[in-house]
Amino acid sequence: MNHSLKLSCIFFTFFFLNTTLSNSQDLLDILESETPKTTEIVSAIFKGTRIANGHSVETRKKGVLEFLISHRFGRVNGGFYQLFGLDESNIRFALEYAVSDNFTLGLGRSSFDKSYDGFVKYRLLQQKTSQNTFPVSVTLVGSMAQKTLRDYPADDKPDFNDRLAYTTQVLIARKFNSAISLQVAPTYIHRNTVPTFQDPHDILALGIGGRMKITNQVSVNAEYFYSFNPIESITPRDAFSISVDIETGGHVFQLMMSNAITMIEKSFITETTGNFFSGDIHLGFNISRAFHLGNKK
Amino acid sequence: MYRAALICICLLFSIIGFSQERYITKQGYISFYSHTPVEDIKAENNQVLSIVDLSTGNVAVTLLMKSFEFEKALMQEHFNENYVESDKYPKASFEGEIQNLKEILDGENGVAAITGDLTVHGITKPITMEGKLKITDDAVNFDGSFMVTVADYEINIPSVVARNIAKEVEVTCKLEHTPYR
């Protein structure tokens with residue numbers, strides 16, 4: 001009898017203590033403890049789908065059609081006579097459509113070499129924090145380019161296939177904090193035809209890029225591509241670009257300086273000849289405008 | 001022994017009854033709406049946590065800024081990245097008190113007046129709101145709205161988009177609480 005009374009008392013004390021404690025507990029603390037643990041996807045590793053010339057891991061959300069207008073002017077060291085390169089320009093128009101949040105298709109046309117290009121971009125993995133963390137985002141890019149410039153003798157017209165080149169990239173990026181993101185991009189480029197026998201059909205390259213946010217709307221990006229086995233018949237240099245991203249409502253403006261005049265992977269990674277540090281700098285810009293098609297929820 | 005047990009049971013019941021003064025929801029709804037001649041922007045959050053203590057009239061609400069869903073994905077990105085800086089200030093919270101709880105419990109009034117402090121973007125400001133409050137044994141439902149001045153919370157809107165975003169946005173809450181054990 002005594003025993004059960006004691007038990008009841010212990011029970012009672014326990015309950016009493018428990019409720020008094022939780023009563024004095026702040027309501028916000030209860031909410032804090034009730035907050036479900038969630039996995040958070042790290043978004044906006046880069047502002048745009050390009051770091052400068054090359055792709056970033058970013059893809060647009062489903063139903064977004066992005067219209068890109070890009071210019072690369074001539075070399076700055078052309079001097080006043082060339083108005084610091086502004087007399088000459090390579091223009092690329094492109095339409096990029098996000099079929100799903102992870103999958104984008106793009107088509108582009110560059111005035112340089114009168115090239116057409118198409119690409120598919122697939123976001124494979126995303127950086128995550130909180131519950132299930134994952135350190136990086138990974139996006140795959142496959143692109144194809146066709147040169148249509150008639151720079152061949154009239155009696156030796158190359159086949160369609162002869163002028164195709166393919167690029168495959170694995171983009172791996174990490175947002176270290178809200179200001180700094182870095183990306184590495186192992187790249188494989190294949191050409192169906194090469195100018196001379198010494199030139200490799202297959203070129204391996206590694207891209208390194210990053211961004212630093214200056215304000216919420218402005219970031220500075222840099223990008224560098226190193227080729228392991230460059231083309232022999234010309235004297236190529238590694239592509240290096242610095243750009244400034246300025247974001248407004250539905251636009252991203254990218255102003256840049258680059259030693260490359262082209263904007264297609266197979267060209268700027270392997271065919272760039274300018275020496276950035278002796279002034280072979282092309283000023284340029286990308287303007288992107290996003291249109292929302294369909295009802296995105 | 002029987003008396004002791006009876007007392008214990010009675011006390012236990014009173015404790016349980018007492019703890020049922022608190023009502024909670026984890027799937028509350030809060031939306032905000034910005035209207036300008038250029039465009040209307042609406043964002044909805046369905047993962048709002050809210051708790052009401054009917055013994056004191058105290059209320060508390062928290063939500064994750066990243067859980068606001070916009071019609072356009074880019075808006076959502078800009079909202080989190082550029083305006084409310086969700087990486088730095090992930091949560092918004094409200095702590096307040098129902099001013100006329102007694103009237104509502106007595107069935108004299110169905111509209112609650114709530115005052116308290118709203119914290120958004122790391123800035124805390126006092127606000128007042130009114131809304132329908134319905135209290136039953138197994139539910140406490142609140143349905144209300146209030147206006148928030150964006151500049152009060154030091155949220156900087158760049159001049160290029162200033163015409164697209166209202167100076168004052170309307171916040172709407174639908175919180176359906178159930179007993180909290």
Side-chain angles (χ1 to χ4, degrees), chain A residues 1-9 11-13 15-16 18-20 22-23 26-36 38 40-44 47 58 60-64 66 98 101 129-130 175 177-179 213 215-218 246-252 290-292 295-297, chain B residues 1 3-5 7-9 11-12 15-16 18-19 21-22 24-26 38-39 47-53 55-56 58-64 66-67 69-78 80-83 85-88 90-91 93-95 156 158-161 163-165 180:
Chain A
M1 190 174 122
N2 243 349
H3 184 65
S4 58
L5 183 66
K6 227 189 257 167
L7 257 180
S8 303
C9 282
F11 222 64
F12 163 72
T13 321
F15 260 92
F16 183 73
N18 206 11
T19 38
T20 30
S22 68
N23 267 335
D26 191 19
L27 290 180
L28 277 177
D29 292 339
I30 298 178
L31 292 186
E32 181 69 36
S33 64
E34 291 288 329
T35 305
T38 49
E40 202 182 291
I41 288 171
V42 176
S43 62
K47 283 193 187 297
E58 294 298 328
R60 291 299 177 210
K61 292 283 173 4
K62 186 184 174 186
V64 172
E66 196 168 31
D101 287 357
T129 57
S130 309
K175 192 178 191 175
N177 54 46
S178 62
K213 244 166 120 171
T215 70
N216 284 336
Q217 275 79 32
V218 179
I246 302 161
E247 190 177 55
T248 67
H251 300 83
V252 179
F291 299 95
H292 293 256
N295 252 343
K296 162 73 185 81
K297 246 278 128 118
Chain B
M1 144 84 202
R3 248 172 54 193
I7 291 168
C8 276
I9 288 164
L11 273 168
L12 263 173
I15 288 160
I16 291 164
F18 184 65
S19 64
E21 300 284 286
R22 289 207 190 112
I24 193 168
T25 177
K26 295 182 200 175
V38 185
E39 70 180 329
Q47 294 160 48
V48 178
L49 279 92
S50 171
I51 190 164
V52 185
D53 190 337
S55 64
T56 60
N58 288 337
V59 295
V61 182
T62 63
L63 59 82
L64 283 174
K66 281 196 177 166
S67 302
E69 289 180 12
F70 290 69
E71 194 187 336
K72 293 178 181 174
L74 261 184
M75 282 181 178
Q76 193 165 331
E77 187 181 313
H78 294 162
N80 287 309
E81 282 285 305
N82 302 346
Y83 305 144
E85 302 177 281
S86 300
D87 283 333
K88 258 193 248 171
K91 277 185 176 179
S93 64
F94 174 77
E95 237 181 327
N156 295 319
S159 53
V160 276
V161 292
R163 288 185 307 132
N164 300 52
I165 298 169
Y180 175 64

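Order of the sequence lines sets the chain letters (A, B, ...), proteins ahead of strands, with each chain counted from 1.
- Using a 4.5 Å cut-off between heavy atoms, B/E95 touches chain A through its side chain atoms alone.
- At a 4.5 Å heavy-atom cutoff, B/N164 makes no contact with chain A through either its backbone or its side chain.
- With sequence neighbours left out, the side-chain contact (heavy atoms from CB on, under 4.5 Å) criterion links A/N216 to A/K213, B/N82, B/E85.
- Contact of A/T129 with chain B is not made at all, since no heavy-atom distance falls under 4.5 Å.
- In this structure B/T62 satisfies the side-chain contact (heavy atoms from CB on, under 4.5 Å) test together with A/L28, A/L31, B/L49, B/S93, sequence neighbours excluded.
- Looking at B/K88, there are no atoms closer than 4.5 Å to chain A (heavy atoms on both sides), in backbone or side chain.
- Here the NZ-NZ distance, from B/K72 to A/K61, works out to 14.5 Å after rounding to the nearest 0.5 Å.
- Proximity to chain A is absent for every atom of B/I165, based on heavy atoms less than 4.5 angstrom apart.
- Using a distance-only test at 3.5 Å, with no hydrogens or angles considered, no donor-acceptor pair links the side chain of B/D53 to the main chain of B/R22.
- Atom NZ of B/K66 is separated from atom OG of B/S86 by 6.0 Å, given to the nearest 0.5 angstrom.
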